[in-house]
There are 2 protein chains.
Amino acid sequence: MKRKITLKHIARELDVSISTVSKALKNSPEISKDTREKVQAFARLYNYKPNNIAISLKNKRTRNIGVIIPDIVHHFFTTVFRGIEHYANDRGYNVIVCVSDESFDKEVVNMELLANGSIDGFIMALSAETQQKQDFNHLKELGEQGIPLVLFDRVTSEVACDKVIIDDQAAAQMATQRLIDSGKKRIALFTTESFLNVSAKREAGYRRALEKSGLGVDDNLIIRLPHQFEEETLSAAFFESQEFDAVLCVNEIFAIRAMRIAQELQRDIPGEISFIGFTDGLLSKYANPGLTAIAQHGEEMGRVAAELLIDRVEEEDDLEQELPPYRTCIIPVSLIERESTQLAPSKN
Amino acid sequence: MKRKITLKHIARELDVSISTVSKALKNSPEISKDTREKVQAFARLYNYKPNNIAISLKNKRTRNIGVIIPDIVHHFFTTVFRGIEHYANDRGYNVIVCVSDESFDKEVVNMELLANGSIDGFIMALSAETQQKQDFNHLKELGEQGIPLVLFDRVTSEVACDKVIIDDQAAAQMATQRLIDSGKKRIALFTTESFLNVSAKREAGYRRALEKSGLGVDDNLIIRLPHQFEEETLSAAFFESQEFDAVLCVNEIFAIRAMRIAQELQRDIPGEISFIGFTDGLLSKYANPGLTAIAQHGEEMGRVAAELLIDRVEEEDDLEQELPPYRTCIIPVSLIERESTQLAPSKN
DNA sequence: TTGTAGGCGTTATCAG
DNA sequence: CTGATAACGCCTACAA
């Protein structure tokens, strides 16, 4: 097996110095046409490719970006990831992924590992545990070390950095309003425990819509389900004990499961009960009936996050140039209407 | 912002040589207790961490593994990825992902990029296009360069390397047999165009079961759908034109969509028609009725792939030791029974 | 036109 | 016990 060839090999074979080879390969006018051609031919023949690691060491730039997400088997994150990956590749960057599994410790460990030279910057969504603990020292340290960071979706105001989010509150408010506009009076909310930033904001939007419309909030219509808990009795009981004609869910799985319970109880969808879920994933699309969903446009989110990050990484090269202030980009959501609702036409 | 600290900085501050610092940090007995403690204290204070890149350059080992998959927004690949990531992390490796988007060119470009020193080995599933073209030179080259490769799921016999697969043929045969055992006589197959290796094998298993049982194969009951094509008329027409009492689908989406068409035609599931799909993902689990599915245990597959790869990467360190022959691991599948079938109890 | 030397950060060898 | 030196592969300012 022919091991990777280096400048040194070429130099030795051709009986020139390493720097001559290096320059010749870059087509430097310093080198005679003759030598250039000789070197280039040889390099092509042996399929020479510069060693990324050596270049990284020299340039102190790896062209790798680190992505840390709570869970990879999750449609939304996966979609964002695709956006990141595509954009990064287009700009010549590779992506190193670590999964925090919603654990604070894994998040910290992974970041420290990558921060020691493996990457030029991070894109991440906070783990549930990190949000719960409200401990962001590992993120603040990045700033001190001059490693750019972009947070997306699960962000915090405690850390100064670029951010990409959707306006969760406005989205929930819009969805709730659309349900109200379609004549629904008693709208339930299926949400998670509230330490998740996004859930809290979605709840706020839901409340706001109800208040503004004059329907008012009935706290009995809000059910808080454990985050990853697979059990139906809680929600089934909720269906028995409360009266409602529409449901807003903070995620897709809650919506699918709620819809299924309704079907088992022989409720007509969307006539008796309408459903809207956050996250427009495969489940919404292929549900029967199709689930009306708030699309978060994860791919776009990833694209923007990667752009913010790479721009900043590359700005840092222009030494001591004033860096632009941190930005927060808000990705617009859209409501994908399917059979689980019968909405009046939107006003805009 | 305090930039990353290096051995050199420490050496200068403490007025000792770089090599002394290096040794002291490794607790080398060569160094006096005094110096060791002084150095270690200083290092801790300034949170010194060795630079990964420099170490990679020196060791010619990056502790990164490259994963190339056709699509990240795909439950099965995502599951395999999780298995890889977890196992790799446990052994101190990071994962660099590239997505081929089912394109041959992207596969080649990504691999070449990473192969220049960024990774110690590859884990990949072939893109559709690569399988179609049957061009595997980029993979063969890895062998020549001494870069270990593990193929999973979408493999080829053209390349000598470690492989991890499920026995697609046996799985399809088993599923078909179970349908037969439950009394079904006319079993349809929904598959893709046949250049996908796995589809071909699944079809073979389906045929084998029908032949062995004496039912025989009716080619009219096999429908070939475009791989990523989102249209229902083809399959709807199939439902109209053919009589069948069970359906085996080579993937989850086909199954969900077929099931939905059946529901729209008011067919009783599983009484009139039973359904089984490959890939036990979210859609199968949350479908209504739940879809009986062949679980490929992607996470286990990823774990095994990562183990094969890392073992081989690390074996290569033990210079000139005879490398073990290439292995092909077969991950057993299992049938997850849900409401879309009414199977007789399995014989084993 | 070509080559030398130094450096990126680390480690290993060997000399002091 | 400590330090100088060379090496990993590449680049570049400066010398020849």
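All chains are named by letter (A, B, ...) in the order of the sequence lines, taking the proteins before the strands, and each is independently numbered beginning at 1.
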Requested in this report: Write down the atom of B/V313, the atom of B/R61, and the distance for their closest heavy-atom approach.
Outcome: O-NH1, 3.4 Å
Query raised in the report: Of the nucleotides D/dG3, D/dC10, D/dC8, which one has an atom closest to the side chain of A/K8?
Result: D/dC8
Query raised in the report: Rounded to the nearest Å, what distance is computed from the CD atom of residue A/E30 to the C1' atom of nucleotide D/dA16?
Result: 13 Å
Query raised in the report: Taking atom P of D/dC10 as reference, at what distance in whole Å does atom CD1 of A/I5 sit?
Result: 10 Å
Query - First and last nucleotide of DNA chain C, 5' to 3', lying under 4.0 Å from heavy atoms of chain A - result: C/dT1 to C/dG9
**Report entry** Presence of donor-acceptor pair under 3.5 Å, side chain of B/S17 and base of D/dA4
**Finding:** no
Query raised in the report: At under 4.0 Å between heavy atoms, what does A/S22 touch on the DNA or RNA strands: base, sugar-phosphate, or nothing?
Result: base
Report summary line: The nucleotide from D/dC11, D/dG3, D/dG9 with an atom nearest the side chain of A/L57 is D/dG9
Query raised in the report: When you measure from the side chain of A/K26, which nucleotide among D/dT12, D/dG3, D/dC1 comes out closest?
Result: D/dT12
**Report entry** Between P of D/dA4 and NZ of B/K23, the distance in whole Å
**Finding:** 11 Å
Report task. Look at the side-chain N and O atoms of A/Y48 and state whether any lies under 4.0 Å from the OP1 or OP2 oxygen of D/dC10. Result -> yes
Query raised in the report: Whole Å only: how far is the CG atom of B/N59 from the P atom of D/dC8?
Result: 13 Å
Requested in this report: Have a look at A/S56 and say if it touches a base, only the backbone sugar-phosphate, or nothing, with a 4.0 Å heavy-atom cut-off.
Outcome: nothing
Requested in this report: Decide whether A/R36 and A/N27 meet the rule of one side-chain donor and one side-chain acceptor closer than 3.5 Å.
Outcome: yes
Report task. Give a yes or no on whether a salt bridge exists between B/R303 and B/E299, defined as a side-chain N under 4.0 angstrom from a carboxylate O. Result -> no
Requested in this report: Check the distance between D/dA7's C1' and B/R61's CZ and give it to me in whole angstrom.
Outcome: 17 Å
Query - B/T78 side-chain N/O to B/I72 backbone N/O, donor-acceptor pair under 3.5 Å - result: yes
Query raised in the report: Does a salt bridge link A/D311 with A/R91, judged by any charged N lying under 4.0 Å from a carboxylate O?
Result: yes
Query raised in the report: Reckon B/K60 touches a base, only the sugar-phosphate, or nothing at all at heavy-atom distances under 4.0 Å?
Result: sugar-phosphate
Query raised in the report: Between B/R12 (CZ) and D/dA4 (C1'), how many Å, whole number?
Result: 17 Å
**Report entry** Atom-pair distance (CD1 on A/I18; C1' on D/dC11), nearest Å
**Finding:** 11 Å
Query raised in the report: Rounded to the nearest Å, what distance is computed from the NZ atom of residue A/K58 to the P atom of nucleotide D/dT12?
Result: 6 Å
Query raised in the report: Under 4.0 angstrom, heavy atoms only, what part of the nucleic acid is B/T6 near: base, sugar-phosphate, or nothing?
Result: sugar-phosphate
Query - Sugar-phosphate only, base, or nothing, as touched by A/S32 at under 4.0 Å among non-hydrogen atoms - result: sugar-phosphate
